[in-house]
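Right, one structure below, let's go through it.
These figures come from a predicted structure and were not determined experimentally.
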Amino acid sequence: SRPNKRRRVAEKQKAEESFAAAAREAAAATMAIDGQALIQFVDPDGNRAGDELDIPLGSSKEQLTTLLNQLLENKEELPYSFHLEETEIVSSLASTFGKLADAKKSTERVLQITYYPLSVFRVRPITRCTSSLNGHTEAVLCVAFSPDCHQLASGSGDSTVRLWDLGTELPKHTCQGHQGWVLTVAWSPDGSRLASAGMDKIVMVWVGRTGKLLCALKGHSQAVTAACWQPLHAVEANGFPKLATSSKDMSVRIWDAMVGTCLRTLTSHSAPVMQVRWSGERVNEGGALYTAGRDCVIKVWNPTEGTMLSELKGHGHWINTLALNTDYVIKSGPYSHETEKFEDFEAKRKAAIERYNEVLKVAGGERLLSGSDDFTLFLWKPLEKRAPLCRMTGHQKVVSQVAFSPDGRWFASASFDKSIRLWDGRTGRYVHAFRGHVGDVYQLAWSADSRMLVSASKDSTVKCWDINSRKLQEDLPGHADEVYAADWSLNGGRVATGGKDRVLKIWRH
C-alpha cells in the first residue's frame, strides 16, 4: 500500500536532515584540516633532518614520506614510519594531531615528527603448512635456519641433530653422536659449521654441508644450556669465529671450534648459566660476552683475556633469556634477503662488517635486553653503564623469551601469562599486548622486515602477528601437541616450527 502523506513528509524531512548533518560534518572536517602546522623532522636519536617546515595539516603519510626523502636527498624513495609525540601517523597529520592532549593541540608550536626507516623489501605473511617433516622419534626442542637459507637444523630429545634441505623440503643428514637431549643448535655466521649441545655435556661441531662430525668439545661437567658464535666482523683476519657455551656447571667456555680446544673457562657465576650472547661491539678485543642465569646477575666479559668487565644487577629471580638489538645481523653474518655469492671467507667478513655498521647506525647503538622469572624485563647498555636504561613490568607470569626486531625498532616478550607484549626498542616504552594464545607462549621469531612476529605456544598453535595493525595476521593450527621451537628464515620465505608431536613443520606464504 502507498504510504500516506504524513509519513511521506516525515521521511523526506528525515532524509534532508541527515544530508544537512553530513554536509556540516564534512565542512567542519575540512575547516579543521585547513590550517597549517610547523613541523621538524627528527631521527630516533633526536638529530634534526633539514629545517622547520610550514606544511598543511591535511598532509598525508605519503606526502610526508616524499618530503623527508627530498630533505635527506635520497637517490630513490625509501619507506619511513612517522610518530607525532607517542602516536604513529597512520593516515594523515591532522588525524594524529587530533589525538594529542588538549594542552599540546597548538599549531603555534613546532611539532616534532620522529621518523623511523623501514625495510625496503617486504616479507609475505605465512599462511599454510607446506611440509610436515617426520623423522625425529622424540620431541623437537630447537630449530635454526642456516644464514644462507639453504638448510634447516633441528635438535631433538631423541639425541640426534637433523639437517633438512630447504630446496626440496626433505631430510638431508642425520647427525648422530649425542647421548642425551639436544637443547641448542647454532649455525656459525658464515653458515659453514653447526654447533649442537645438550644434556650429555658435550658440544659437537658439524660440517654444515655434509653433516660430518668435525669435533666433539669436552669439558663441561653438567648439561650445556646455550651456544653462541663470535660475530663474523669481530674475528681477526684469517681467523674463524670462536664458540661460546654456557652450562649448568656454572661456567662459560670459549672454544676454538676448528682445532677442538678450550681457550678460556669463565667462572664466577654462582648458579647454572642459562644464556650467553656475543656482542659485536669492542671489535679490537674480539667482541664482548654477556652471560646470565640462575644467580640473577648478568656478567660482561672480555672473551680474549677471559676477564670480567662488569656485573649488571637488578633482577630478583632467575634470568631466562637475553637478546641484543643486533642479534639478527650477527646471526646472519654476510647474508641478507638477497641471494649473494661470496668468493672466500674474507669477502664474507668484509660484507659482515658493512652490514653490522649499517644496522648499528639505524638501531642507535647496541642494547641488551633480559627477561626473567620475576616477570620483568630490563633494558641495558652494558658497555656504557651498569644501571639499566629501563625496567619493564606488565607480564603476570614468567617471561620465557625476549627478541628484538631485526631493525632494532621494537622488541617482543613472550610469557607464560599467554600474552606477547610489544615494546619500543630504544626506550622500553610499552606499546601493545597481543592476546590470542590459550596456553603458555614459549618462543618468538621476527620476520626479516620487522613487520611481523610469529609465536609458538603450549596450546599447539603457531600464530603470526602484524606489527603495524597490532592484530593477529594468521592463526596456524596443525601441530598435535605443544610447540617448543620456532624460527623464521633470513630471506623471509619460510617459518619452521617443532614440538612435542615430533613433527617439524614448514610454513610458507
Side-chain angles (χ1 to χ4, degrees), residues 144-151 153 155 161 163 173 175 177 184-197 202-220 224 226-247 252-266 276-291 301-306 324 326-336 340-357 359 490:
F145 283 99
S146 65
D148 59 8
C149 301
H150 291 324
Q151 285 176 291
V161 174
L163 292 174
H173 303 291
C175 309
T184 176
V185 288
W187 289 92
S188 64
D190 67 326
S192 65
R193 303 278 179 269
L194 175 73
S196 63
I202 298 170
V203 182
M204 304 247 180
V205 180
W206 315 86
V207 179
R209 216 176 51 253
T210 60
K212 295 238 174 4
L213 181 64
L214 193 68
C215 54
L217 310 173
K218 297 179 181 174
H220 283 298
V224 182
C228 179
W229 291 87
Q230 183 178 14
L232 200 52
H233 65 271
V235 178
E236 63 271 15
N238 308 322
F240 189 79
K242 298 180 182 69
L243 178 67
T245 55
S246 62
S247 163
V252 174
R253 283 174 181 260
I254 299 173
W255 311 85
D256 183 327
M258 300 308 279
V259 190
T261 54
C262 178
L263 302 171
R264 294 254 177 249
T265 307
L266 312 177
V276 57
R277 278 285 181 278
W278 204 312
S279 155
E281 304 272 84
R282 298 167 55 101
V283 176
N284 304 336
E285 281 96 15
L289 268 185
Y290 303 128
T291 60
W301 308 83
N302 175 335
T304 317
E305 315 259 306
L324 289 168
T326 50
D327 266 346
Y328 202 82
V329 69
I330 287 173
K331 202 170 70 174
S332 56
Y335 298 100
S336 64
E340 294 169 60
K341 290 270 186 287
F342 297 98
E343 285 177 17
D344 55 359
F345 187 75
E346 197 48 39
K348 288 183 181 178
R349 205 175 76 101
K350 286 201 174 78
I353 293 171
E354 282 170 24
R355 287 197 64 217
Y356 180 79
N357 292 334
V359 167
L490 299 172

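- Scored by the side-chain hydrogen bond (donor to acceptor under 3.5 Å, both in side chains) test, T291 finds H269, W301 as partners (sequence neighbours excluded).
- P189 places a side-chain heavy atom less than 4.5 Å from the side chain of P241.
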Side-chain donor-acceptor distances from residues 280-290 under 3.5 Å, at least two apart:
residue, atom, partner, partner atom, Å
E281, OE1, Y356, OH, 3.3

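- For H173 (side chain) and G208 (main-chain N/O), no donor-acceptor pair under 3.5 Å exists by modelled atom type.
- Once rounded to the nearest 0.5 Å, the distance linking CZ of R253 with OG of S246 reads 12.5 Å.
- Among residues two or more places apart in sequence or in another chain, the side chain to side chain contact (heavy atoms under 4.5 Å, CB included) test is passed with E354 by none.
- Remark: S146 pairs with D148, Q151, W187 by the side chain to side chain contact (heavy atoms under 4.5 Å, CB included) rule, at least two apart or across chains.
- For T245, the side-chain hydrogen bond (donor to acceptor under 3.5 Å, both in side chains) criterion is met by H220, W255, not counting sequence neighbours.
- Taking P334 as the reference, L232, F342, K348, A351 meet the side chain to side chain contact (heavy atoms under 4.5 Å, CB included) condition, with sequence neighbours excluded.
- Using a 4.5 Å heavy-atom cutoff, the side chains of L213 and C175 are not in contact.
- L214 pairs by the side chain to side chain contact (heavy atoms under 4.5 Å, CB included) definition with R193, V205, V207, not counting sequence neighbours.
- Every side-chain hydrogen bond (donor to acceptor under 3.5 Å, both in side chains) that S188 has, sequence neighbours left out, goes to D190.
- Checked against salt bridge (Lys or Arg N to Asp or Glu O under 4.0 Å), E236 has the following partners two or more places apart in sequence or in another chain: K242.
- For the pair Y335/C149, no side-chain contact is recorded, criterion being any heavy-atom separation below 4.5 Å from C-beta on.
- With sequence neighbours left out, Y328 forms a ring pair (Phe, Tyr, Trp, His ring centres under 6.0 Å) with no residue at all.
- With sequence neighbours excluded, the residues satisfying side-chain hydrogen bond (donor to acceptor under 3.5 Å, both in side chains) with S336 are E340.
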